[in-house]
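We number each residue from 1, following the sequence as shown. As the structure is a prediction and not an experimental result, all values here were calculated from the model. When a ligand or atom number is given, it counts from 1 through the structure's own listing order.
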Amino acid sequence: MAEEIKYSGEEIEELNSMASNHLFMHAMQTNDWIKDGLSMYQEGSGCWVTDIQGNKFLDMMGGLWYKSSGYGQQEIADAAYKQMSSISSPPAYSTTPSTVKLSAEVAKLYQDKNCRIFFTSGGSESVETAVKMAKKYQHLNGKEKAFKVISRRFSYHGSTSMAVSLGRASYSDPMGPEMIGTVYVPNYDAYRPPIPGNPSPDEISEWLVKELETTIIHNDPATIAAFIAEPVSTSAGIHIAPDSYWQGIREVTEKYGILMIADEVITGYGRLGEWFGTMVWDVTPDLTTTAKALTSGYAPLGAVIATEKVANAFLGGKKETFSHLLTFGGHPVATAAGLANLKIMKEQKMVENAKEMGSYLFDRLQELRKYKYVGDVRGGKGLLATVEIVKDKGTKEKFSEEDNLYGIMPKLLKERGLLSYRAGDQISMCPPLNISKEEIDIIFNGIESTIIDFENKI
Ligand SMILES: Cc1ncc(COP(=O)(O)O)c(C=O)c1O
């Protein structure tokens with residue numbers, strides 16, 4: 001579908017030349033995008049975006065897992081503009097009404113209504129902040145040897161030095177040793193279970209919770225400050241654990257005085273059909289890290305939510321002060337955008353829609369199981385789902401790197417009008433929460449036709 005083109009061929013060529021000479025794209029090989037041409041976009045509305053050549057696509061990844069209220073929300077742009085033209089940022093050690101109001105708004109949505117919010121500029125900063133807060137909380141409570149943090153294998157918690165240590169090593173590049181005191185436990189996976197036989201989700205959970213407890217004992221509980229996990233890990237493959245897993249984790253962390261950090265940078269603000277992912281399993285963590293959908297990407301913003309118990313440990317004098325400062329954490333333009341974003345999400349019942357449309361999407365995706373290379377379909381909690389492509393359904397063997405699924409799949413999907421830059425042996429979906437049934441059918445049809453094409457080509 002062609003839209004009005006706002007950039008001439010000459011301008012596009014000039015932009016590509018400037019990018020080729022000067023731009024670093026995040027986590028992309030420069031030679032690859034110079035060869036294929038860089039994707040640049042000029043506008044968006046709802047789930048749809050138009051590139052500078054005038055081609056329209058459905059963004060089934062919602063940006064990089066964040067465009068929850070969809071593209072083109074004028075009310076958010078107006079709120080940011082209004083804030084920037086009144087006071088763009090306050091003098092040092094003060095704030096603005098927009099930031100104060102957003103803290104109260106987030107608290108209203110959270111399990112613990114007496115929680116306290118520390119604003120950051122994004123997900124990695126939120127994780128750094130939460131880990132530091134957890135360590136200081138333990139010190140203030142007399143657990144002075146507690147510096148270790150347990151995370152789950154194959155997770156992703158950000159790219160900054162401490163956060164990257166908590167994820168898989170391939171994210172680190174040759175950065176050197178990870179954060180001292182990082183301890184890993186297995187992640188939840190019912191497709192390739194960590195124990196032999198054909199265990200049920202509850203049996204897997206029981207084993208994993210026991211494994212966590214053994215790891216805690218082995219490492220000495222007095223040395224462990226926190227356990228961090230995403231309610232649903234996209235980097236580990238969008239596996240949905242049962243109630244028994246999360247409730248077991250909560251019990252064990254509480255038993256040993258370890259703070260539970262839920263990394264809700266992707267799942268926070270409605271993605272799983274509840275305002276926060278942990279609400280799906282009826283668990284309240286001690287700290288929750290959020291970012292992306294807080295503004296739906298209209299401005300960079302993150303927030304760490306500390307329960308009243310944790311926040312109260314920081315009330316006192318100089319010793320109890322949380323000496324943590326991020327110049328642009330909670331920037332008023334971003335908090336004004338965040339307020340408008342949450343207002344729209346509430347008014348348009350987007351979280352309810354995520355639940356309903358998520359079930360519809362998950363049901364439709366089951367139809368794909370009949371194809372030769374579709375090994376698994378995961379999701380069913382809100383609008384987060386994945387289709388796993390395997391070489392052999394019997395053995396669950398993956399395609400090799402030489403098969404180049406990460407090169408093939410995004411191209412096949414794009415030919416069908418769908419954007420998913422990360423597609424490979426998993427085709428993941430994280431569309432805006434205001435998606436319609438018709439748009440889900442467009443996604444489904446595009447994926448089905450991609451899979452058929454792939455089967456014929458491979
Ligand atoms: C679970 C999780 N935590 C942290 C981060 C880091 O967020 P950011 O890229 O905003 O620093 C991400 C980013 O995708 C994430 O998915």
Side-chain angles (χ1 to χ4, degrees), residues 24-28 59 61-68 118-134 149-168 170-173 175 178-179 182 184 187-188 226-241 246 260-272 276-278 280 285 287-305 326-331 334-335 337-338 341 381-386 420-422 426 428-430:
F24 255 120
M25 289 296 290
H26 293 211
M28 282 173 83
D59 183 5
M61 287 299 295
L64 193 54
W65 319 94
Y66 59 71
K67 206 78 199 161
S68 290
F118 190 103
F119 287 112
T120 69
S121 319
S124 301
E125 278 187 6
S126 290
V127 169
E128 300 274 332
T129 302
V131 168
K132 195 168 160 188
M133 196 181 271
V149 180
I150 303 178
S151 74
R152 299 183 306 167
R153 291 189 195 127
F154 305 108
S155 287
Y156 179 70
H157 294 291
S159 275
T160 51
S161 181
M162 182 159 67
V164 84
S165 308
L166 302 167
R168 73 168 90 179
S170 63
Y171 298 132
S172 299
D173 273 343
M175 195 187 68
E178 44 297 303
M179 175 180 75
T182 311
Y184 306 102
N187 218 313
Y188 181 85
F227 165 83
I228 184 166
E230 318 97 308
V232 175
S233 174
T234 58
S235 69
I238 310 195
H239 295 275
I240 316 282
W246 287 110
M260 176 179 175
I261 306 173
D263 184 354
E264 297 233 28
V265 168
I266 289 178
T267 55
Y269 311 107
R271 178 55 53 193
L272 302 184
F276 293 96
T278 45
V280 173
L287 287 155
T288 296
T289 54
T290 71
K292 303 187 186 261
L294 177 53
T295 65
S296 292
Y298 282 79
L301 184 66
V304 177
I305 309 169
L326 304 163
T327 300
F328 295 128
H331 192 284
T335 52
N341 175 58
K381 299 280 185 211
L383 280 164
L384 194 58
T386 197
S420 179
Y421 289 109
R422 291 275 181 92
Q426 277 183 53
S428 298
M429 286 143 267
C430 184

message: Has Ser235 got a side-chain atom pairing as donor or acceptor with Phe154's backbone, closer than 3.5 angstrom?
response: yes
field: Heteroatom distance test (Val127, ligand 1): nitrogen or oxygen, under 3.5 angstrom
entry: no
query: If you measure only the distance, is there a donor-acceptor pair under 3.5 Å linking the side chains of Thr120 and Ser126?
result: yes
field: Of the listed options Val232, Leu64, Thr289, Val265, closest to atom 15 (C) of ligand 1 (non-hydrogen atoms)
entry: Val265
task: Could you list the atoms of ligand 1 found under 4.0 angstrom from a heavy atom of Gly123?
output: 6 (C), 7 (O), 8 (P), 10 (O), 11 (O)
task: Flag the pair Glu178 / Tyr184 as yes when at least one side-chain heavy-atom distance between them is below 4.5 Å, and no otherwise.
output: yes
message: Just so I know, are the side chains of Trp65 and Leu384 near enough to count as touching, which here means a heavy-atom distance under 4.5 Å?
response: yes
- request: Can you pull out the closest protein heavy atom to atom 9 (O) of ligand 1? Residue, atom name and distance to 0.1 Å, please.
  value: Ser124 OG, 4.4 Å
- prompt: For ligand 1, which atoms sit closer than 4.0 Å to a heavy atom of Ile266?
  reply: 16 (O)
- prompt: Got an N/O contact under 3.5 Å between Glu230 and ligand 1?
  reply: no
4.0 Å heavy-atom contact, Trp65 with ligand 1: no
query: Regarding Asn341 and Thr295, is there a side-chain donor-to-acceptor distance under 3.5 Å anywhere?
result: no
- prompt: Any side-chain heavy atom of Thr290 within less than 4.5 Å of one from Phe276?
  reply: yes
message: Side chains of Thr267 and Glu230: any donor to acceptor distance under 3.5 Å?
response: no
field: For Asp263, the ligand 1 atoms whose distance to one of its heavy atoms is below 4.0 Å
entry: 1 (C), 2 (C), 3 (N), 4 (C)
Proximal ligand 1 atoms for Lys292, defined as those under 4.0 Å from one of its heavy atoms: 13 (C), 14 (O)
